[in-house]
Every structure is written in structure tokens, then in C-alpha cells.
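Data block below; observations after.
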Amino acid sequence: MSLEFTSSEMMSVTAARALNNDMTCFVGIGLPSEAANLARLTHAPDVTLIYESGTLQTKPEVLPLSIGDGELCESALTTVSVPEMFRYWLQGGKVSVGFLGTAQIDRYANINTTLIGDYREPKVRLPGGGGAPEIGTNAHEVFITVKHSKRTFVKDVDFITTVGFGRDGKARDNVPNIGRGPTVVITDLCILKPDPETKELVVTSLHPGVTREQVIEATGWEIRFADQVDTTPEPSAKELEVLRDLKARTNAHHAGQQ
Amino acid sequence: MSLEFTSSEMMSVTAARALNNDMTCFVGIGLPSEAANLARLTHAPDVTLIYESGTLQTKPEVLPLSIGDGELCESALTTVSVPEMFRYWLQGGKVSVGFLGTAQIDRYANINTTLIGDYREPKVRLPGGGGAPEIGTNAHEVFITVKHSKRTFVKDVDFITTVGFGRDGKARDNVPNIGRGPTVVITDLCILKPDPETKELVVTSLHPGVTREQVIEATGWEIRFADQVDTTPEPSAKELEVLRDLKARTNAHHAGQQ
Amino acid sequence: MAEFLSLKEAVSRHINDGDTVAMEGFTHLIPFAAGHEIIRQEKRDLTLIRMTPDLVYDQMIGAGCAKKLIFSWGGNPGVGSLHRLRDAVERGWPNQLEILEHSHAAMACAYEAGAAGLPLAVLRGYIGSDLPKVNDQIKFIECPFTGEKLAAVPSVRPDVSVIHAQRADRKGNVLVEGIIGIQKEAVLAAKRSIVTVEEVVDDLGASVNACVLPSWAITAIAEAPKGAKPSYALGYYDRDNAFYKEWDGIARDRDAFQAWLNENVFENGGA
Amino acid sequence: MAEFLSLKEAVSRHINDGDTVAMEGFTHLIPFAAGHEIIRQEKRDLTLIRMTPDLVYDQMIGAGCAKKLIFSWGGNPGVGSLHRLRDAVERGWPNQLEILEHSHAAMACAYEAGAAGLPLAVLRGYIGSDLPKVNDQIKFIECPFTGEKLAAVPSVRPDVSVIHAQRADRKGNVLVEGIIGIQKEAVLAAKRSIVTVEEVVDDLGASVNACVLPSWAITAIAEAPKGAKPSYALGYYDRDNAFYKEWDGIARDRDAFQAWLNENVFENGGA
């Protein structure tokens with residue numbers, strides 16, 4: 001018997017499953033935070049979550065609205081200064097996975113959170129890089145989770161805030177002390193991974209009920225599919241229950257504040 | 001009526017008097033530590049003492065044997081890491097006075113705590129620089145206290161561990177972001193200060209009962225005297241009492257440990 | 001030694017038109033009361049530095065205090081844009097705002113280097129990013145030992161830094177606790193500093209390695225209870241997440257913003 | 001995750017002949033028990049790094065474990081020389097010891113840079129000092145923003161770092177408290193790390209910004225009560241200053257030293 005779930009839930013559950021107990025994950029706010037905490041509350045209770053506010057090994061009860069909610073600090077093993085976080089923990093090579101969201105992503109998994117249009121005359125000004133530029137290069141690998149749409153999945157990002165594999169797929173070649181970069185992109189439609197040779201993102205798994213046409217339609221370049229495209233396993237009842245509880249708790253918490 | 005006191009006591013009291021309540025003093029172990037704590041226990045109760053072990057604003061009851069005795073930490077306002085101590089507090093310009101001892105000092109107030117003889121074939125190997133090389137240049141000014149002898153006061157130090165004014169008196173000229181360097185040297189015989197022009201150390205004050213000949217005899221170069229040489233004021237009864245108490249407390253404490 | 005002043009006096013005496021001002025607090029302990037006092041005193045032409053501008057700079061920019069912003073993430077966390085910031089950058093209202101944009105890592109290192117008295121920070125950063133193309137303050141140096149190319153940015157050395165902290169003792173020593181962000185670095189890097197505190201107490205109650213700023217490293221302290229609201233102060237009050245969401249509506253509209261400013265800042269006298 | 005091992009097992013498994021080893025603890029929390037285990041296991045050709053070699057390295061050098069020492073202050077604090085260190089440097093007993101000498105500031109920055117994953121540390125240091133003439137690892141770079149000449153030293157990146165701490169919890173998270181020195185940096189800068197602790201407890205009892213090393217940043221933990229003696233562990237026992245003074249007599253004489261070593265290290269089996 002099949003469960004009912006939304007495409008957002010499918011995305012969060014799939015993103016959560018990318019994490020395991022042995023990982024030390026530098027967590028971006030929003031979708032990555034939801035996925036990372038879902039992982040912690042289901043199959044990966046010992047996954048280590050780090051937020052750039054300096055909270056090491058945190059276990060929030062509700063999802064933080066900001067990267068520095070009190071919840072993160074109170075449930076952390078310890079809280080360090082922001083320079084220490086970026087210098088010792090991220091740049092020092094202690095982060096196995098950087099988990100990022102984005103506003104735009106291109107075929108070489110470059111991500112743009114700076115602006116749409118031209119830098120001096122932006123059509124839309126976005127918040128900017130934050131921690132992402134160095135998470136993208138100093139974490140051992142990067143997971144990205146983002147909703148799939150033509151506006152988001154563009155052939156070339158307007159601005160490389162955080163490098164995936166550069167404009168030509170070769171940006172990491174021969175660069176010393178750089179992480180592997182994006183190894184998986186999880187959307188509400190599918191899972192994409194960089195081609196081992198060209199580094200272009202290819203679809204490796206379609207979520208249940210999603211067609212190739214839907215993915216093609218939602219992607220701003222001629223998206224390629226792997227030779228073998230899997231079907232992503234459905235969320236379990238347990239995963240859905242934990243995710244829904246987490247979101248309900250979070251909404252009640254943030255609305256309930258004066 | 002004149003009090004009885006030793007030349008060591010005269011030195012410590014005089015060195016202590018160089019400090020005041022407004023100073024933030026980075027304290028070397030040994031004579032500087034004795035003088036700095038005497039100042040704190042007499043005329044300068046609010047002088048801020050910092051030790052390189054990371055103890056900020058410490059108020060030890062007894063003199064520490066090492067730079068990192070527990071006493072220093074337990075009586076400090078807070079204790080920071082050693083990198084923070086050297087980076088934020090010393091290099092960051094928060095230290096008004098570096099208070100140093102030395103094994104050798106020369107006419108340009110260069111100090112040597114590395115070795116006597118040649119570096120590769122030392123006659124006597126000393127402990128080395130420790131914090132002094134950067135205390136000497138990053139503190140706003142430097143006080144030095146050391147016993148006067150021909151072995152210690154040499155024309156040219158064998159090795160410049162910590163620069164005073166260099167081999168020619170000009171080492172600080174046109175160097176950006178450097179402190180004023182040694183402004184006073186206090187010995188058991190006299191007070192010396194660098195000549196404002198040449199930076200050569202000259203005697204500005206003789207301790208009570210000390211003759212010019214004694215100083216000449218104890219100095220390894222042709223020591224100059226200022227146009228006006230003062231007589232250093234004697235220790236007060238109170239200063240002597242506090243100093244003797246402090247030393248007795250310290251000896252009892254360090255001997256009493258198992 | 002830090003001088004205890006009213007917030008009004010501290011801002012009036014230590015912040016001048018044209019100054020470079022860093023107001024820090026990483027989500028936690030954001031110095032809103034001080035920001036509002038700066039707005040009330042109509043300070044102008046400030047160069048504002050802050051990793052995450054947040055609502056406090058949105059308000060100050062909308063009120064016309066700033067001519068330049070140096071930052072690394074300019075949003076309303078978890079909500080969306082800072083509309084006053086965007087209006088100033090994109091449409092010059094109420095005045096044109098110049099921006100200089102970094103990554104968090106670079107700004108964190110730049111504050112650290114400022115506190116450490118260095119002219120530059122060195123980091124493994126900006127690799128493959130377009131940010132160095134639009135920020136001429138980002139340079140690259142070569143490691144003399146390994147030949148590795150590393151990023152260099154100028155250290156942050158503000159004229160004035162402003163932070164909010166939990167408490168000061170009566171001598172002016174300050175305890176910052178919880179998410180300490182880069183508050184210590186901001187204060188130590190600055191020529192002058194203003195620290196607002198929830199309360200002044202006899203004893204800080206600080207543990208042995210707590211983040212304590214000694215009185216002699218601070219210029220002025222002003223008591224400002226609830227001075228970080230709508231952000232939060234660990235141990236005192238929670239983040240007002242609802243207001244952060246509400247701000248989106250207020251800030252979208254110039255008139256709504258000005259009405260809010262009049263009611264909540266100008267007519268709400270401050271200390 | 002850190003693995004709980006006996007001290008014997010931790011040293012045997014993680015320290016190899018020829019390794020570069022940093023044993024830190026700035027006067028406080030010096031890992032003597034680990035040093036003695038290294039002596040018992042007759043490790044050889046170690047490059048030892050430590051800001052203040054102290055008695056622990058005097059003993060290890062005298063026992064023949066070291067071929068090179070990188071340090072910034074090599075004395076018996078408040079007492080005098082390290083005689084075993086001097087005997088090795090000056091007379092090659094029991095073997096020649098090469099030394100590489102820094103200042104504290106440079107070594108502290110080098111550990112900090114090692115923890116930060118950088119190949120070099122930059123500091124305003126060594127101005128006018130002769131140390132750069134005898135240490136070819138000290139170079140100078142020019143700030144690309146100000147032109148200021150600054151010192152650069154290679155970061156410290158040991159094969160193994162060894163520290164002693166007050167306690168670990170059962171998951172292997174470690175609390176260091178009091179004079180924290182550069183223990184955190186030493187562990188984070190190293191490829192592998194051994195932490196000896198006074199005790200293993202259910203709850204670290206750490207305050208919110210305490211110096212805590214997470215289990216996943218440590219290789220091995222060994223319980224070693226009194227493991228820092230004759231140095232001290234804040235909250236557990238005091239520094240044995242009398243022994244520090246006594247050491248001067250023991251270490252002056254090769255025979256007295258060897259007798260001490262036999263009685264107190266070799267015949268005193270360890271864990």
C-alpha cells in the first residue's frame with residue numbers, strides 16, 4: 001500500500017537519507033536544515049550537525065528560523081566563536097559534508113545566491129554568499145537540495161557565488177586542498193549527480209511518479225539522464241511522521257512567540 | 001631614620017614603582033613578576049597583570065613559580081588560549097607595558113636570553129626567547145629589571161633575542177606599528193634610560209648608597225651618566241613589609257607542596 | 001577603563017557622522033537599542049560593517065544613516081529580503097548605498113585579523129567564486145613555504161564597534177555568553193567601542209574560560225535592558241521570530257516603514 | 001569518533017618511530033603519563049614539538065626518544081635549565097639533538113594556523129631579533145594592502161598530538177578547563193591525537209562556551225588519573241613545585257637521571 005506524500009516531503013526525506021551517522025555536516029538554513037534534522041531524528045541519530053553560528057554538534061528540538069536561534073546553542077555540545085568555526089572547523093578540514101540550498105544552480109553545479117541579472121544593475125538582489133563560498137570548497141563534499149524549476153536550474157548561473165565545477169567543469173582540477181565539491185543534488189523531482197568525467201549534472205534517480213518530461217521541462221538546459229535511472233525509494237511511514245511532527249512543532253514554536 | 005633593606009629589595013621596590021593603576025602589564029616570570037605584584041599590593045591595586053599563559057587581569061596571592069601556575073588562573077578575570085593571548089592581546093596592541101628580565105643586556109637595551117657564545121657552539125645555552133621577542137616590539141613600551149653585573153651588562157649581546165634599539169640604536173626607526181621599546185632598566189644599583197637621541201642606556205638615578213664607581217665596575221661598556229643623576233627614593237616601610245610578606249608567603253607555599 | 005554612560009550619551013559622544021561602524025551579534029545579541037539611538041540622533045554617512053546586516057541595518061539604512069555597507073549575507077534570516085537595503089541599493093532611497101561584499105569566512109577572518117592587530121587576513125577562500133571580480137579588496141598571495149595561492153582581505157578596523165552583551169560588573173568587565181559570534185573580535189578590532197548590556201551586576205558569574213571583555217578593553221558601557229530585541233539574549237529572552245516575519249511586510253513599503261520608524265523609534269524616546 | 005584505549009595501547013598504536021609529535025599543555029595539564037609511556041615503549045627518532053619543553057621533554061630526550069626539538073622556551077620554569085636537553089644539544093648524550101627555535105608568538109600562531117588548515121601563519125614578529133638568522137623556517141612577506149613587512153612561519157601539523165585534559169564523557173567528548181594553552185589547536189592541527197584524561201564521566205558539566213573537543217575530532221582517549229603530575233590539573237591536584245626544583249639535581253647528572261628513570265618510569269609499569 002502506497003503512502004500519501006508531497007513532492008516537498010519526498011525531497012526532504014531523500015535529502016535526509018544522504019546523511020549518515022559518521023558524517024559531520026555543516027548545515028545551511030532552510031531545506032538543508034530540515035533534511036539534516038530529519039536524518040538525525042530518524043536513521044542517523046549520531047550525525048553531527050554544525051551551524052555557522054558556532055554551534056557544534058547541535059540537536060535542536062524545532063527547526064531554527066535563523067542560523068543562530070537560541071535552540072541551536074542550548075542543545076549544542078559547545079558553542080565557539082564564528083572565526084573559530086570558519087577557521088578551525090571548516091577550513092581546518094573537520095567538515096565532511098556541506099549541505100547547501102541555493103537560488104540558482106547550473107549544469108556544473110555552480111550555485112548563485114548573490115543576484116539575478118548584472119552585478120551592478122541586478123534584476124533581483126539575493127542575500128549573498130554567507131558561508132557558502134568556503135563551505136563549497138573546504139567541506140570534503142557538498143550536498144545540495146533545492147526545488148526544481150526552470151528559473152532555478154539554469155544553463156549558466158548569472159553569478160558564481162559558490163563554485164561547483166566552474167564554467168567548464170574543471171575548476172577543481174589541480175587545486176590543492178579543495179574538497180570534492182557537489183556530489184549530489186536532491187530536488188523535489190529527482191536526484192542528480194555530476195558525471196565523473198565532465199562534471200555535468202545528470203539525473204540518476206527519478207522520484208516515484210515523476211517523468212523524464214517533467215524534469216526536462218523544469219531544467220534550463222538539455223538535461224542528461226544516466227544510463228541507468230533508478231526510482232528513488234518512497235518515504236517510509238516513520239520518516240513522514242517524524243518530518244510532519246518536526247514541521248508542526250516548528251510552526252507552532254515560531255508562531256507562538258510574541 | 002633610615003630603614004634596612006637589601007639591594008634586591010631596592011630593585012624590586014623601584015621596579016614596582018614604575019607601574020601605575022592605568023597600565024596593562026604583560027609580566028615576565030621572576031623579577032618582573034615580583035615587581036608587578038608588589039605594585040599591585042601597594043600603590044597600584046588596579047594595575048592589570050597579564051601572563052603569557054592566557055591569564056588576563058590576574059591577582060595571585062603568592063608569586064607563581066611558573067608562568068602558568070594554577071594561582072594565576074584561579075585569580076584571573078578570565079583565561080584565554082595562548083594563541084589568543086599573543087594575537088589579540090599582545091599583537092592587538094592592548095598591552096601598555098611589557099615587563100621583562102634578561103640574562104644579558106647591552107648598551108642599546110637589546111636583550112639576550114638565548115645563549116652565551118656562538119649559536120652552534122654555545123658556551124651557555126639559555127632557555128630561549130619565549131614571549132619576549134614580540135613583547136619587546138608589540139607592547140607600547142618595555143620595562144626591564146635585572147641584577148647589575150659585568151657578565152650581564154655587556155657592550156654587545158652575543159645574540160639579540162629581543163630587540164631593544166638594535167646594534168646601532170636605530171632598529172625601531174621607520175618601522176610601522178612598533179612600540180617605543182625599553183624606556184627604563186631597573187637594576188639593584190641604579191635606574192638607566194635610553195638617551196633620547198642615541199638610544200644608548202644612561203644612568204639617570206643611583207640607588208641610595210651606590211657610587212658611580214660601583215656602576216662603572218658592574219657594566220661591560222663605558223657607561224654614561226645623565227647630566228643630572230638623581231638618587232632613587234628609598235623603599236618605604238610599607239613597601240618592604242608587603243614585599244617581605246609576599247616572598248615569605250611564596251616560599252612557604254612552594255616549599256609546602258608535596 | 002570603560003565609562004558607564006547612558007545609551008544616548010554613549011552614541012552622541014562616540015559615534016560621529018562619517019565613521020566606520022561595526023555593530024555585531026550573529027543572530028544573537030544584536031544591538032537594536034543602540035541602532036535605534038543612532039537613528040534618533042540622525043547620524044549620517046556611516047560606513048556600516050556587519051556579517052549579517054539583519055533588521056538593525058535595514059532600519060538604519062532606511063532611516064538614512066548609511067552611505068556604504070560591508071557585509072557577507074544580507075537577508076532577513078528564514079524570511080527573505082531586507083527591503084530597505086534593497087531599496088537603497090537598487091533605487092537610491094533614501095540615499096544611494098554603496099556595497100562591498102564578502103563571504104562569511106573572509107569577514108570572520110578579517111575581524112579576527114583586526115583584533116590581532118594585523119593589516120590583513122589570509123584564508124583558503126574565494127576559490128572559483130565571482131566575488132573577487134566585484135570586490136577589489138580581495139587579493140591573492142602565495143605561501144612562501146608551499147606555493148599555495150591563498151586569499152587575502154584587509155582586516156576590519158572600525159572607528160567604533162557596538163555590541164550587546166548579557167551583563168557587566170560594576171567595574172565594567174563584560175560577559176558575552178552563548179552564540180558569541182564575533183563580538184569579542186569586533187570590540188578588540190575597533191578604535192572605540194560601545195557595549196550595551198541587559199544589566200549591571202556585582203558579579204559576572206563567569207566560568208573560568210568564559211568570553212569576558214575586560215573593562216580596559218571597552219570605551220563605554222550603557223545599560224539597555226531588552227536592548228537586543230527582536231533578536232535575543234540567552235538567559236534573558238527569546239528571539240521574536242514573529243516580528244522578524246512581520247518586518248517583511250513593514251519594510252516592503254516606504255510609508256509603512258516610516259510610520260513604523262516614527263512610532264517605534266523616534267517617538268519611543270529611548271534611554 | 002574517539003576510541004577508548006589503554007594508554008599503552010594508544011601510544012603503541014598511534015605513535016611510530018620517526019613521527020613528529022606535539023605534546024602540549026602550557027605549564028598546566030602537561031601529559032607526563034603519556035611521555036613516560038613513550039619512554040617505556042622506547043620510541044625513537046621523534047621530532048618533538050612543544051612551546052615549553054619542560055620536564056616531560058627533558059625526560060624523553062634524556063631517554064633517547066628524540067632526534068629533533070622545535071620549541072620556543074626550553075627551561076625548567078622558575079628553576080633553571082633543562083639539563084638533559086642541554087646535554088643532548090651540547091654533548092650529544094644519549095644522542096645528538098637538532099633544535100629549531102621560535103618565539104612563543106610564532107609558535108602559538110603556527111599551531112593556530114595548523115588548526116585552521118593553513119600552510120603558514122602570519123604575524124608581526126621577529127622584528128630586530130637574531131632568531132631569523134638561525135631558523136631558516138622564518139620568512140617575511142609583504143602585506144598586499146599596506147606594504148608592511150610581516151613574519152611568516154610554517155604552520156604546525158604534527159603526525160600526532162598528545163594532550164591531557166580534565167575529563168571525557170562516555171562518548172569521548174573532552175573538556176579542557178583553566179589554562180587551556182594551545183591544546184585545542186594542537187589536537188585540531190594533528191593527523192592523529194591522543195588525549196589522556198583524569199576521569200571519564202557521564203556528563204562533562206561544561207558551560208556553554210567551554211573548551212570542549214568533540215569525540216569526532218579526537219583519535220584516542222586513555223584514562224590516566226594524575227596523568228599530568230608533577231604539573232597540575234585544575235580542579236584535581238596542584239602543581240608539585242617541589243619536584244620541579246628537585247628535578248634540577250636529578251637531571252644534572254646522567255647517572256642520577258638514569259636511576260630516576262629506571263625507578264620511576266621503567267619499573268613503574270604504567271597502565
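Worth saying up front: this structure is predicted, and the values here are computed from it rather than measured.
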Do A/Gln91 side-chain atoms and C/Leu123 backbone N/O form a donor-acceptor pair below 3.5 Å? no
Hey, is A/Arg125 close enough to C/Asp87 for a salt bridge, meaning N to O under 4.0 Å? no
Could you have a look at A/Gly70, A/Gly54, A/Pro176, A/Pro64 and say which one has the most heavy-atom pairs with chain C under 4.5 angstrom? A/Gly70
In terms of heavy-atom pairs under 4.5 Å with chain A, the winner among C/Tyr232, C/Phe71, C/Tyr126 is C/Tyr232
In terms of heavy-atom contacts, does CZ of A/Arg151 have more than 12 from other residues, nucleotides or ligands at under 6.0 Å? no
If one checks every heavy atom of A/Thr137 against chain C at 4.5 Å, the contacting part turns out to be side chain
With a 4.5 angstrom heavy-atom cut-off, could you sort out which part of C/Tyr111 is near chain A: side chain, backbone, both or neither? neither
Please identify, among C/Val134, C/Ile182, C/Thr146, C/Ile127, the residue contributing the most non-hydrogen atom pairs under 4.5 Å to chain A. C/Val134
Step by step, work out the side-chain contact (heavy atoms from CB on, under 4.5 Å) result for A/Ser53 and C/Ile179. CA-CA 7 Å; A/Ser53 52; C/Ile179 291 179; 3.8 Å; yes
Rounded to the nearest 0.5 Å, what's the gap from OG1 on A/Thr114 to CH2 on C/Trp73? Could you check? 12.0 Å
Decide, yes or no, whether a salt bridge links C/Glu90 with A/Arg120 under the criterion of side-chain N to carboxylate O below 4.0 Å. no
Can you name the closest pair of heavy atoms from C/Ser103 and A/Pro133 and give their distance? CB-CG, 3.8 Å
Walk me through it: do A/Glu52 and C/Phe26 pass the test side-chain contact (heavy atoms from CB on, under 4.5 Å)? CA-CA 9 Å; A/Glu52 65 194 13; C/Phe26 202 85; 3.9 Å; yes
All heavy atoms of C/Glu101 vs all of A/Gly128, minimum pair found to be OE2-CA, 3.6 Å
Contact leader toward chain A among C/Gly75, C/Pro230, C/Ser72, C/Ala105, where contacts are heavy-atom pairs under 4.5 Å: C/Ala105
For C/Lys149, which atoms come within 4.5 Å of any heavy atom of chain A: side chain, backbone, both, or neither? neither
Using non-hydrogen atoms only, which part of A/Val124 is less than 4.5 Å away from chain C: side chain, backbone, both, or neither? both
Using non-hydrogen atoms only, which part of A/Asp69 is less than 4.5 Å away from chain C: side chain, backbone, both, or neither? both
Is the number of heavy atoms from other residues, nucleotides or ligands within 6.0 Å of NZ (A/Lys155) greater than 12? no
For chain C, the option from A/Ile29, A/Thr78, A/Thr79, A/Thr113 that forms the most heavy-atom pairs under 4.5 Å: A/Thr79
Pair C/Asp130-A/Thr161, side-chain contact (heavy atoms from CB on, under 4.5 Å): steps then yes or no: CA-CA 6 Å; C/Asp130 284 342; A/Thr161 311; over 6 Å; no
May I have the step-by-step check of side-chain contact (heavy atoms from CB on, under 4.5 Å) for C/Glu148 and A/Asn177, ending in yes or no? CA-CA 9 Å; C/Glu148 185 178 351; A/Asn177 304 311; 2.9 Å; yes
Is the shortest heavy-atom distance from the side chain of A/Val82 to the side chain of C/Met51 under 4.5 Å? yes
Top residue by heavy-atom pair count (under 4.5 Å) with chain A, among C/Arg124, C/Met107, C/His28? C/Arg124
Chain A contacts, top residue of C/Ser231, C/Ala115, C/Gly128 (heavy-atom pairs, under 4.5 Å): C/Gly128
Under a 4.5 Å cutoff for heavy-atom pairs, which residue among A/Gly129, A/Gly68, A/Pro127, A/Gly164 has the most contacts with chain C? A/Pro127
Atom CD1 of A/Ile160 and atom CG of C/Leu131: how far apart are they, to the nearest 0.5 Å? 10.5 Å
Between C/Ala151, C/Ser81, C/Gly78, C/Pro53, which has the largest tally of heavy atom pairs under 4.5 Å with chain A? C/Gly78
Taking atom CG of A/Leu65 and atom NZ of C/Lys245, what is their separation to the nearest 0.5 Å? 5.5 Å
If I measure from the heavy atoms of chain A, does C/Leu234 come under 4.5 Å with its side chain, its backbone, both, or neither? side chain
Proximity breakdown for A/Ile135 and chain C, heavy-atom pairs closer than 4.5 Å: neither
Any donor-acceptor pair under 3.5 Å linking the side chain of A/Ser66 with the backbone of C/Thr27? no
In terms of heavy-atom proximity below 4.5 Å to chain C, should A/Phe159 be classed as side chain, backbone, both, or neither? both
Applying a strict 4.5 Å limit to non-hydrogen atoms, the region of A/Glu134 in contact with chain C is side chain
Which heavy atom of C/Ala108 sits nearest to which heavy atom of A/Phe86, and what is that distance? CB-CD1, 4.3 Å
Give, as side chain, backbone, both or neither, the part of A/Arg167 having an atom under 4.5 angstrom from any heavy atom of chain C. side chain
